[in-house]
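Here is how names work: the chains are called A, B, and so on, in the same order as the sequence lines, proteins then strands, and each is numbered from 1.
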Amino acid sequence: QTVVTQEPSFSVSPGGTVTLTCGLSSGSVSTSYYPSWYQQTPGQAPRTLISGTHTRSPGVPDRFSGSILGNKAALTITGAQADDESDFYCVLYLGSGISVFGGGTKLTVL
Amino acid sequence: QLQLQESGPGLVRPSETLSLTCTVSGGSIRSSRYYWGWIRQPPGKGLEWIGTIYYSGSTYYSPSLKSRVTISVDTSKNQFSLKLYSVTAADTAVYYCAMWGEKNCFDSWGQGTLVTVSS
């Protein structure tokens, strides 16, 4: 079974830059997997940040950017703010209607 | 702007069937642009894709849940539904419905509903 991997946790200083990654247990992530990224704060539904590797959803600040780095999808936050502290999830589309969530990354801003 | 709202019992007995409905407003569930999905999140854990349906009735399920899940659509009511059979405490989770759109992502989400499996 395909497993989508994310760093369990990450820490960044206010104003700093952090890159979260989204990989596959076997193989490389490419744009063909249409990587998407979601932000979730406690008690809230996820918010869609990025679709199709790098397209920001309406209203998402441009400090959030998506890319492919090496063999993984990546979410980079430039100029982190205190309210960026949340959980971040990636989704990869495997084809044939199948989507898989990564385990999520808990981001701490301190 | 599409809006989605989950509804259904908040408590289900072990071994019984969990049934939830998602009502879509602000757009038609019959749109060829959208697929409709269910995602769940156990307390303190990550998100898990359950399955997706197209308005025509075509369904796609997570391999790990496929044997216990049915997703259906009622276009006359602009709703789609989830049934999860033979539930255990491990199925306790917040269940979200969501729209998978042309951007190939879950683009709109319901607020989620907590379902507890307990006797």
With the 4.5 Å side-chain cut-off for hydrophobic clustering, are [X] and [Y] part of the same group?
X	Y	answer
B:Leu4	B:Trp100	no
A:Ile50	A:Leu24	no
B:Ile50	B:Trp109	no

Mind checking salt bridge (Lys or Arg N to Asp or Glu O under 4.0 Å) for B:Lys103 and listing every partner two or more places apart, or none if nothing turns up?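 B:Lys103 satisfies salt bridge (Lys or Arg N to Asp or Glu O under 4.0 Å) with B:Asp107 once adjacent residues are dropped.
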Answer with side chain, backbone, both or neither: which region of B:Phe106 has an atom nearer than 4.5 Å to a non-hydrogen atom of chain A?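 Both parts, backbone and side chain.
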Are any of the side-chain heavy atoms of B:Tyr61 and A:Ile98 separated by less than 4.5 Å?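 No, too far: nothing below the 4.5 Å cut-off.
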I'd like to know which of A:Gly97, A:Ser57, A:Pro35, A:Pro42 tops the heavy-atom pair count under 4.5 Å against chain B.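 Heavy-atom pair counts peak at A:Gly97.
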So how far is it from B:Asn104 CG to A:Tyr93 OH, rounded to the nearest 0.5 Å?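 Rounded to the nearest 0.5 Å, the CG-OH separation comes out at 7.0 Å.
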Quick one: pull up CH2 in A:Trp37 and SG in B:Cys105 and give me the separation to the nearest 0.5 Å.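 Between A:Trp37 CH2 and B:Cys105 SG, I get 14.0 Å after rounding to 0.5 Å.
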Sequence neighbours excluded and cut-off under 3.5 Å, please list the side-chain donor-acceptor pairs for residues 34-42 of chain B, or say none.
residue : atom : partner : partner atom : Å
B:Trp36 : NE1  : B:Ile29 : O            : 3.2
B:Arg40 : NE   : B:Glu48 : OE1          : 2.8
B:Arg40 : NH1  : B:Asp91 : OD1          : 2.8
B:Arg40 : NH1  : B:Tyr95 : OH           : 3.1
B:Arg40 : NH2  : B:Glu48 : OE1          : 3.3
B:Gln41 : OE1  : A:Gln40 : NE2          : 2.8
B:Gln41 : NE2  : A:Gln40 : OE1          : 2.9
B:Gln41 : NE2  : A:Tyr89 : OH           : 3.3
B:Gln41 : NE2  : B:Lys45 : O            : 3.0

Part of A:Ser99 lying under 4.5 Å from any heavy atom of chain B: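 Its backbone and side chain both get close to chain B.
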Tell me the closest heavy-atom pair linking B:Tyr60 and A:Ser96, and the distance in Å.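 Where B:Tyr60 meets A:Ser96 most closely, the heavy atoms are CD2-O, 3.2 Å.
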Sequence neighbours left out, cut at 3.5 Å: what donor-acceptor pairs do the side chains of residues 51-58 of chain B make with other protein atoms?
residue : atom : partner : partner atom : Å
B:Thr52 : OG1  : B:Trp49 : NE1          : 2.8
B:Tyr54 : OH   : B:Ser32 : O            : 3.2
B:Ser56 : OG   : B:Ser58 : OG           : 3.4

Looking only at heavy atoms, which of residues 70-90 of chain B get nearer than 4.5 Å to chain A?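 Under the 4.5 Å heavy-atom cut-off, nothing qualifies.
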